[in-house]
Amino acid sequence: MNQTDQLIIRQAREHNLKGIDISIPKGRIVAFTGVSGSGKSSLVFNTIAAESQRQLQDLFPLYIRNRMAYQPKPDVDSIENLTTAIVVDQRPFHGDSRSTVGTMTELSPMLRMLFSRCASHSAGMSNCYSAHDPAGMCPHCNGAGKTVQFAMDKVLDTSKSLNEGAILLPGFQIGTYQWQMYANSGLFDNDKPLAAYTDKEWDDFLHAAGNIVEIKNTTGKVWDSSYNLTYEGLEKRIIRLYLKKSLSTMSKLNLQIIRDFTTQQPCPYCQGTGLNEKALQSTILGKTIWDIGEMEIAALIPLLLQFRQHDGQAIIQRIVAVLQDMDRVGLGYLHLNRQTVTLSGGEVQRLKIIRHLGSSLIGVTYIFDEPSTGLHAKDLERLRRLLTGLRDRGNSVFIVEHNSSIIEGADQVIELGPKAGKAGGQVIFQGTVQELCHSATPTGQWLHQTVMLKQHVRAVRDTITLHHCNANNLKDVSVTIPKNTLTVISGVSGSGKSSLAKYEIPKAVPEAVYISQSAMGLSSRSTPATYSGVWDMIRKAFAKENGVSPALFSFNSQGACPVCKGKGVIEVEMSFMDPVVRVCEACNGKKYNDEALSYTYHGKTIAQVLQMTVSEGMEFFKDTPIRRKLRPLAEVGLSYLTLGQTTATLSGGECQRLKLAARLHEKNQFYIMDEPSAGLHGQDVAVLLGLLNQLVDNGNTVLAVEHNFDIISQADWIIDMGPDGGTTGGHVVYQGRLQGLLQCPSSYTAAYLAKKCNKGKHGR
Ligand code: ADP
Ligand code: ADP
Ligand code: ZN
Ligand code: ZN
């Protein structure tokens, strides 16, 4: 192999990496694997991707570079032959509610172009088909598709009079100047309940305008004792104050008021489409552009293929090609009008891949973070084809992954380890999948095992049965969940698992606790130490040892570095850009002032303690109650986290396990989890499984949406959704014991499970 065909890394030392020297082939699919915390992300994201980003920024002129997010140089001697890296993660592009599957895939502009050229009753140029353009938007709702109205029954308590506080909206309490506008107007009997108002009084109260009202100063501040305001009916006034303003400039309180006191309805003029009449009169194949966006992609393809007009053929072909790609990766159940904020991470990631497939860039390094998340074995086959497609266009594809089917599709596998944190950080294997299967590394051993069905399933006693479940695509299904068991919901993506687990079950079992993968709180001060409750104990231990106040060891009070105020970093606000973050030079990122750092506990400063991993902390505090409090974190497989790491940097799976740690010793709960195995290596999945079983043995019910066969095979009860996604899903294909599932011919899960039981995880 030619030297430039390889990415050559020398002495990578980021985080726990132990001076890794490695050559990685370019133009290939390379899977990076290893137990959680072994250093995969540190190598792939924090070294390779970070250096690529940094070098790219060096190409820009200084004045632009200064405005880009600051990229520190990763701790590595050199990286040769690096190409542009594109990280394809699972985050939606932006939280904008206007972003849809159509805009994300860039199909919306193509469809508008098609309509402007070929539709019957053309509305004009392509912008005349956009609800976000004045030329195309419905004039009644400005393109929003919905109208927001104050719910006057929430704003007013009509059983009360003005003097009794009939106006419930904050800011209109008795005595306020806004209240006086009505009470001092002379228009009303202030002791008359609103329910007794005449029509004239109602009209004056809500809509009148013009009279001058004298307002008395009751604020106690020293200015005029009274002043005059022009009367404005209550409804008119609150519409002007709250609904005629841009949401982006509104205070939190006002946004809250809007949320609590208004209702939304589809705009009656455009039926919720946001488009004006002209745009809605124009059709292709009998459908408006909105109708097309509402169709399932799988059904849209054959429709568009019926289009025969000559001048639209080129554009139809481009649209259909993208739609077919989407269908091929198992997203045929989506529709183009679907808002991207409602998509799952796995769906977002596949949509991103499709965008890149359509791009003309070559020689790029694509980096994927666990693309198997959220995907059924059947979906994975399609994902593999996509990744191969990217490679065959001349790109390098790097994948951080634990899933055996994805690893199997790689040209080369690099395993980090042997263990997590300090006990990891080395390359312990590099070679083909076949070679890996014969190696003794953790991944090699794991790939070797066959899946075994659980033998001693728990007895079914009490059950919970749900009837008439219809959320999203569910087809009036009934499901039974045995209490005090481990139940798994399986099925291809879009089959209705989340609709069942996130909407229907919580409705039927209100006490159910949904342990999500979302971050815990937005505070940058939340850490494994605060979350587990050891933080107060650690500060007290330091205080007692040194005879000073515990507050001195808080980086958000007395102990804070005066320059960064205990943040460890300095944020520089940039107009139009994300703020630039730099490590604080005064404390070097330690967050503490010099006085706090002058005290030690058993030879370590408070900053050094925060740098310890959970397992190091357990060792360091071994004779104290702190150790016992940390144990649940180790039990859920998070012993490699550092005590002071902000939880904002944790992955979804890590957040979920951290929440799980706090609940390990509870009883009589009903837990719902979404893919608890996400982000876990096979060895760690075994630990997780032990925990789930422990929860059940403690008297809890655990229900997990899962694709991982190491977990599916250990379920006491399984609910398999499908058979496919979207309108062709939404049925219960099978519910009951695993043994019975294997006899179910229409279940994809059954077919893959049988294969894994017979041939092992590597499927050969
Ligand atoms: P993997 O991707 O294999 O799960 P990581 O590369 O994320 O592993 O982590 C390897 C080690 O580096 C772990 O001990 C982890 O706690 C540590 N680490 C990860 N991110 C940071 C960070 N931002 N600061 C300090 N240590 C970190
Ligand atoms: P799974 O969890 O099995 O992947 P979901 O329950 O998320 O499946 O989705 C089932 C069907 O419901 C899919 O067709 C999906 O597009 C649709 N769906 C899910 N959530 C929404 C939503 N918020 N709005 C509209 N459709 C949705
Ligand atoms: Zn409208
Ligand atoms: Zn500082």
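Counting convention: from 1, in listed order, for ligands and their atoms alike.
- Atom numbering of ligand 1 starts at 1 in the shown order; those under 4.0 Å from a heavy atom of Ser36 are 4 (O).
- Between Cys138 atom SG and Cys267 atom SG, the angle centred on the Zn ion (ligand 3) amounts to 110° (nearest 10°).
- In terms of protein heavy atoms, atom 23 (N) of ligand 1 is closest to His15 NE2, 3.5 Å.
- Thr33 places a side-chain N or O within 3.5 Å of a backbone atom of Glu401 that can act as its donor or acceptor partner.
- Taking the six-membered ring where tryptophan is involved, the planes of His681 and Trp446 are tilted, since the angle between them lies from 30° to 60°.
- Under a 4.0 Å heavy-atom criterion, Gly37 is in contact with ligand 1.
- Looking only at heavy atoms of the protein, atom 6 (O) of ligand 1 is closest to Ser42 OG, 2.5 Å.
- Taking the six-membered ring for Trp, Phe621 and Tyr601 have ring centres closer than 6.0 Å.
- For atom 16 (O) of ligand 1, the closest heavy atom belonging to the protein is Tyr640 O, 2.9 Å.
- Residue contact check: Gly421 has heavy atoms under 4.0 Å from atoms 14 (O) of ligand 1.
- When every heavy atom of Leu633 is checked against every heavy atom of Ala661, the shortest pair comes out as CD2-CB, 3.8 Å.
- When heavy-atom distances to ligand 1 are checked against a 4.0 Å cut-off, Asn46 has no atom that comes that close, whether in backbone or side chain.
- Angle subtended at the Zn ion (ligand 4) by Cys584 SG and Cys587 SG: 110°, rounded to 10 degrees.
- Contact record, Asp710 with Leu689: O-CD2, 3.8 Å, taken as the closest heavy-atom pair.
- Of the charged side-chain nitrogens involved, at least one lies within less than 4.0 Å of a carboxylate oxygen, so that Asp75 and Arg13 count as a salt-bridged pair.
- More than 12 heavy atoms of other shown residues, nucleotides or ligands fall within 6.0 angstrom of atom CE in Met612.
- Remark: ligand 1 atoms within the under-4.0 Å shell around heavy atoms of Val35 are 3 (O).
- Protein heavy atom in closest approach to atom 8 (O) of ligand 1: Gly39 N, 3.2 Å.
- Distances from atom 3 (O) of ligand 1 to the heavy atoms of Lys419, Lys40, Glu14, Gln611 show the closest one on Lys40.
- Note on Cys270: counted as a metal contact of the Zn ion (ligand 3), an N/O/S atom lying under 2.8 Å.
- Heavy-atom proximity to atom 7 (O) of ligand 1, evaluated over Ala420, Gly34, Ser41, is greatest for Ser41.
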> Between Glu654 and Arg657, does a salt bridge (Lys or Arg N to Asp or Glu O under 4.0 Å) hold up when you go through it step by step?
Replying inline: CA-CA 5 Å; Glu654 286 169 332; Arg657 288 193 291 284; 5.2 Å; no

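- Taking the six-membered ring for Trp and the full ring otherwise, Phe542 and Tyr599 have centroids separated by 6.0 Å or more.
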